Structures are given as structure tokens and as C-alpha cells.
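As the structure lists them, so they are numbered: ligands from 1, and atoms in each ligand from 1. This one's a predicted model, so the numbers in the text were calculated from it and none came from an experiment. Note that these values count all heavy atoms, side chains included, but never hydrogens, waters or copies made by symmetry.
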Amino acid sequence: MSLKTVEWKNNSVIMIDQTKLPNILEYVTYTDYNQVANAIRTLVIRGAPAIGVSGAFGLALAALQSDATKKDELISYLENAKKILFETRPTAINLAWGLDKIMEVANQATTVQEIRNGVVETAKKMAEEDIQINMSMGKNGSELFDDNDTIMTHCNAGALATVGYGTALGVIRATKDSGKNIKVIATETRPVQQGSRLTAFELKHDGIDVSLIPDTAVGYTMANSLVNKIIVGADRILRTGHVYNKIGTYQVATMAKQHSIPFYVAAPLSTFDMKSNPEEVIIEQRKASEVTGIGDKKTAPDGINVINPAFDMTPPKLISAIITENGVAKPPFQQSIKELFAAN
Ligand code: MRU
């Protein structure tokens, strides 16, 4: 059984503290939306779908926390909480999606009690649907994989990046469950090592054959035919098929093109941003200490300049297909993505 990353229980939000993995599997309980905002900011919870649902749970907590007695008062309390939650991480579009969905329900309700019930129920439903969506995506994607494939993945797009099951790792799980014999190569994913700490942890936990490589061995594994397909998740996908994902994804995709290896992206429709153009997408820049050390150990000189973008953009020409719960989009993406939404 795959891990449950975040859930609502007894009017509180319970999450796995991913900063402690793989050494300690510890759950944290929050009753204040500011704690949820802080958890998103500090990567206690991370991964686009997981932070989308966590943002929704954060707003549900805010609705319970507020002592407002009138609808207007509660809406303005929620607007403020939404702003605080939204500003935690700017690139993953799922966060805005989750927050907007909750605000829509709040605005449509008439009384304070109706808002409270409505937002809690909606956030819980979003969490349940996340798992169902990932399972449908897994089934759709598994058809692109064959017996004896060795599949490379970058970062963590697994159960830990969602409520459960995972996007890219969901496809891997579904492929294995369909009876195909597969192996996985996980990149370490510096600087905060979602690959070694999280992907390696959850695949090992589920008994899936996984080998860990340093990020610098991506070219070597491809050049030596140690991998024949690649799948990653996404934080945001534009209507043109531009994919924003963990820093390093662009390098993996470029190298895959060089070696004629199919490069797949798996993401739910909630990861698509049908409005923005590439120059409008904000790439989150994170603190220097993620690069100047590993854990508590310093690995760079004091005062060194650091560039630490959390995400990069992979252009559509490097992508073989985008897997969603509604089906698989193939190039040209502008047309196929439109069709996926029309089928919704
Ligand atoms: O900084 P993170 O760990 O939140 O980055 C996560 C990723 O880049 C994932 O690949 C992406 O969110 C897809 S998760 C299903």
C-alpha cells in the first residue's frame, strides 16, 4: 500500500513531515492555517498536487479558526489566509487551483455555517479525488510502457508529491500492477534530494526495483543504454505544452533527445495553466543554504554567490507525450491539450 501524504482528521490536517525522510517517518498535525503555510514553504509537504490539496485544507482550517459571525467577515478572513498560503510557493499552479476552488465554494454559500461545512467537505473531496485521478492517469500511462523497460524519473512525483499513488510514479505503479516487469532509475535531485530521500524511499517501501544515480550520471546511463524511457511529473504545463518541473528536468529531457529516448510527463488537468505565456511564469528561487551544504554539513566556502532556481522549463519539442487522467496528449500539444480539456 502506498503512503498517504496528507489528510483531514478531527478538524485538523495531518501530514508526513517529508523533511525527516527517509530516516524518520513522522506525522505532524496542524490546526492553524499559518502552520500549513509554513509547512508548504519549508517543504514539510511538497509536490504540486500535494500542495494544491494542502492549500485547500489550509483554507478549511482558516474557516474554522475565524471567529467571524457574518459572511462578509469570514470571506475577508479567508481572502487574507488565501494570500498567505498562495505566496508560499509561486511556480506550482495546483496551489492557486486548490485555493480558488475553495474560495468559489465559500463565495457561493450564504451563511457562515454553510461556508464552514462547504469548504471542509470540498477540501476532503479534493483529497479523495486526487487519488482517483492519479489511478486513472496511471492506467492511461501504463500503455506507453513495455515489459522489461528501465524507466528514469527525476525528483519525486510519487505518492509523497500527491495525496497518494503519485503521477509519474503512479504510472510506474500501474505498469508494474499490469504485470510488466520494470526497473526504475531515480536521480538524486540536488539540492534537496527529493530523488534519493523520497522516490528511492517510496519505491523501496512498495517493493519496486529502484537504483539511485547522482544527477551527474544521467548522460552516462543514457549513453550506456541503461535506461530506455523517462517519466517525470510537472508543476505547471502551459497550453503550448511547455512543462515546468523540478530543476534539472530540462537537462534530462535534452539528454533524452540526444539519445532518442522517449520523454513522458504525467500530470493531472489541475496542473495545466491555460492562460499564461512562458515569460509570465515565476520560477521560485530558494535559499543559498540548500546549495552550500548537504543537510547540516557545509560543502561550500562562506559568502559564495549562489543561483538556486527550484524549477526549469522543458520546451514541447523535447516531450514525447503528456499523460493525464483524461488521456494522453501527443504533439502538436496546442491541439491535443485543447482536446483533453474538451473531453472533460
Ligand atoms: O520542490 P518540490 O519538491 O515541490 O518539486 C516537486 C516537483 O518538481 C515534482 O516533480 C512536481 O511537483 C510534480 S509532483 C506530482
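For the pair Thr162 and ligand 1, the shortest N or O to N or O distance does not fall below 3.5 Å. Annotation: Thr167 places no N or O atom under 3.5 Å from an N or O atom of ligand 1; distance criterion only. At least one N or O atom of Ala48 sits closer than 3.5 Å to an N or O atom of ligand 1.
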Side chain to side chain donor-acceptor pair (under 3.5 Å) between Asn94 and Thr271, intermediate numbers included
CA-CA 5 Å; Asn94 302 61; Thr271 300; 3.1 Å; yes
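Using modelled atom types, no side-chain atom of Lys71 and backbone atom of Ile115 make a donor-acceptor pair closer than 3.5 Å. Under a 3.5 Å cut-off, the side chain of Glu325 and the backbone N or O of Asn134 do not form any donor-acceptor pair.
Looking at Gln194 against ligand 1, only its side chain comes within 4.0 Å, counting heavy atoms. The part of Pro49 lying near ligand 1 is the side chain, judged by heavy-atom distances below 4.0 Å.
Heavy-atom distances between Val232 and ligand 1 stay at or above 4.0 Å for every pair. Heavy atoms of Ala92 come nearer than 4.0 angstrom to ligand 1 in no pair at all.
Residue Lys246 has at least one heavy-atom neighbour below 4.0 Å for each of these atoms of ligand 1: 1 (O), 2 (P), 5 (O), 8 (O). Within the listing of ligand 1, atoms 1 (O), 2 (P), 4 (O) sit less than 4.0 angstrom from a heavy atom of Arg89.
Here Arg236 pairs with Asp273 in a salt bridge; the nearest charged N to carboxylate O distance falls below 4.0 Å.
When the heavy-atom distances from atom 7 (C) of ligand 1 to Asp235, Thr153, Thr199 are ranked, the shortest goes to Asp235.
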